[in-house]
2 protein chains.
Amino acid sequence: MLIFTAIADPVRRDILGLLLTGEKPVGAIVDELGLAQPNVSKQLKALHEAGLVQVRIDGPRRLYRIDPGPLAELDNWLQPYRAFWAGKLDALDEHLMRSD
Amino acid sequence: MLIFTAIADPVRRDILGLLLTGEKPVGAIVDELGLAQPNVSKQLKALHEAGLVQVRIDGPRRLYRIDPGPLAELDNWLQPYRAFWAGKLDALDEHLMRSD
DNA sequence: CAGGAATATTCCTATTTGAGCATATAACCT
DNA sequence: AGGTTATATGCTCAAATAGGAATATTCCTG
């Protein structure tokens, strides 16, 4: 699954948000999001296939954590567009630059 | 439509890519992507509803251009995750910093 | 105002996908 | 080994959506 498709789902974005504070077992995500466990597992599988999370086995638990690789790709995709919103500030920027 | 959903579609990403070089009429996008005109119009509508493009009427033509607002939001959403891939370079970064 | 070019809209269909539920697998403990 | 906890998988259904084809709308020109 592509990064773009992976983050299109709000549940998957919520999961990534939770993992910002560090790796978590599935159960913790289920508790915090109030969703059914099978659905959380399925979205975690999707995130894993997209390369957005990695798993670490800890006894009976699976600890999921963020793998930022695909997010860095997204950041890279975004790059050429940055000129557009940066450009909106050009007039101000150049004014300030000249004041230096 | 949310920005995340809007950029999940490859055709819509292609259209945004074409608009990087400036505003274009629908026909130009149709020619360059080799897609049927109604489909291009539909995806442009989706992009417009997502706030990703703006339209300017020029006679019988509609000139579409990028509106970077939602992309800036995406950039903002990405922000907390940057620490993760930046962190991967910390060891190297700090090493280089100390060399200065 | 008639015709033609550019674009939008509608209808239909096939595919995808997320949720719910039931069930299966895996690991730990005694 | 048996029971319990943690997680994954399979099945089915309903909703969303992209594409194709036909049609409608808008605007310019003569």
Side-chain angles (χ1 to χ4, degrees), chain A residues 1-67 70 74 77, chain B residues 1-67 70 74 77:
Chain A
M1 181 179 287
L2 293 176
I3 168 76
F4 296 101
T5 310
I7 64 169
D9 184 81
V11 169
R12 289 194 288 264
R13 289 198 302 277
D14 286 347
I15 291 176
L16 287 177
L18 284 179
L19 294 180
L20 274 172
T21 57
E23 65 179 6
K24 290 193 195 304
V26 178
I29 301 173
V30 168
D31 291 344
E32 298 194 63
L33 294 184
L35 302 173
Q37 174 267 317
N39 293 333
V40 171
S41 283
K42 274 183 274 191
Q43 303 297 8
L44 281 169
K45 183 180 182 181
L47 287 170
H48 187 251
E49 286 171 356
L52 278 163
V53 299
Q54 289 185 355
V55 204
R56 185 168 69 89
I57 294 180
D58 171 45
R61 276 182 280 268
R62 312 280 182 105
L63 298 177
Y64 285 87
R65 65 180 179 282
I66 289 177
D67 182 336
L74 175 63
W77 175 84
Chain B
M1 180 180 286
L2 292 175
I3 168 78
F4 296 100
T5 310
I7 64 169
D9 184 81
V11 169
R12 289 193 288 263
R13 290 198 302 277
D14 286 346
I15 292 176
L16 287 177
L18 286 179
L19 294 180
L20 273 172
T21 58
E23 66 180 3
K24 289 192 196 303
V26 178
I29 302 173
V30 168
D31 292 344
E32 297 194 64
L33 294 184
L35 301 172
Q37 174 266 318
N39 293 334
V40 171
S41 283
K42 273 183 277 191
Q43 302 297 8
L44 281 169
K45 182 180 183 181
L47 286 170
H48 187 251
E49 285 171 359
L52 277 163
V53 298
Q54 290 186 356
V55 204
R56 184 169 70 88
I57 293 180
D58 170 45
R61 276 183 283 267
R62 313 281 183 102
L63 297 177
Y64 285 88
R65 65 181 181 280
I66 290 176
D67 183 336
L74 176 62
W77 176 83

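Residue numbers start from 1 in every chain, and the chains themselves are labelled A, B, ... in the order their sequence lines are given, proteins ahead of strands. What you see is a predicted model; the values in this text were computed from it and never measured.
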Undergrad: Does anything in residues 1-32 of chain A pair up under ring-ring contact (aromatic ring centres under 6.0 Å, His included), and if so which pairs, sequence neighbours excluded?
TA: A:Phe4-A:Trp77
Undergrad: Reading DNA chain D 5' to 3', which nucleotide is the first, and which the last, to come under 4.0 Å of any heavy atom in chain B?
TA: D:dA18 to D:dC28
Undergrad: Where do N or O atoms of nucleotides 14-19 of chain C meet protein N or O atoms at under 3.5 Å, pair by pair?
TA:
from	atom 1	to	atom 2	distance (Å)
C:dG18	OP1	A:Arg12	NH2	3.2
C:dA19	OP2	A:Gln43	NE2	3.1

Undergrad: Of all heavy-atom pairs between A:Gly51 and A:Asp67, which one has the smallest distance, and what is that distance?
TA: O-CB, 3.2 Å
Undergrad: Under the rule for side-chain hydrogen bond (donor to acceptor under 3.5 Å, both in side chains), what residues qualify as partners of A:Gln37, not counting sequence neighbours?
TA: A:Ser41
Undergrad: Please, which pairs that meet ring-ring contact (aromatic ring centres under 6.0 Å, His included) have at least one residue in residues 15-41 of chain A, sequence neighbours excluded?
TA: none
Undergrad: Of all of residues 15-26 of chain A, which get a heavy atom below 4.0 angstrom from DNA chain D, listed by number?
TA: A:Pro25, A:Val26
Undergrad: Got a sec, which pairs hit salt bridge (Lys or Arg N to Asp or Glu O under 4.0 Å) with one end in residues 42-51 of chain A, sequence neighbours left out?
TA: none
Undergrad: Any side-chain hydrogen bond (donor to acceptor under 3.5 Å, both in side chains) involving residues 3-14 of chain A? Give me the pairs, sequence neighbours left out, ordered by first then second residue.
TA: A:Arg12-A:Gln43
Undergrad: Testing the basics here: between A:Ile57 and A:Gly59, what is the closest heavy-atom pair and its distance to 0.1 Å?
TA: CG2-O, 3.6 Å
Undergrad: Restricting to pairs with a member in residues 20-36 of chain A, which pass side-chain hydrogen bond (donor to acceptor under 3.5 Å, both in side chains), not counting sequence neighbours?
TA: A:Thr21-A:Lys24, A:Glu23-A:Arg56
Undergrad: Nearest heavy-atom pair of B:Leu52 and B:Ala6: which atoms, and what distance?
TA: CD1-CB, 3.6 Å
Undergrad: Could you list, one pair per line, each protein nitrogen or oxygen that sits under 3.5 Å from a nitrogen or oxygen of nucleotides 24-30 of chain C, together with the distance?
TA:
none

Undergrad: Could you tell me which non-hydrogen atom of A:Val53 sits nearest to which non-hydrogen atom of A:Leu19, and how far apart they are?
TA: CG1-CD1, 3.8 Å
Undergrad: Among pairs that include at least one residue of residues 6-25 of chain B, which meet ring-ring contact (aromatic ring centres under 6.0 Å, His included), considering only residues two or more places apart or in two chains?
TA: none
Undergrad: Is there any ring-ring contact (aromatic ring centres under 6.0 Å, His included) pair reaching into residues 30-58 of chain A, and which pairs are they, with sequence neighbours excluded?
TA: none
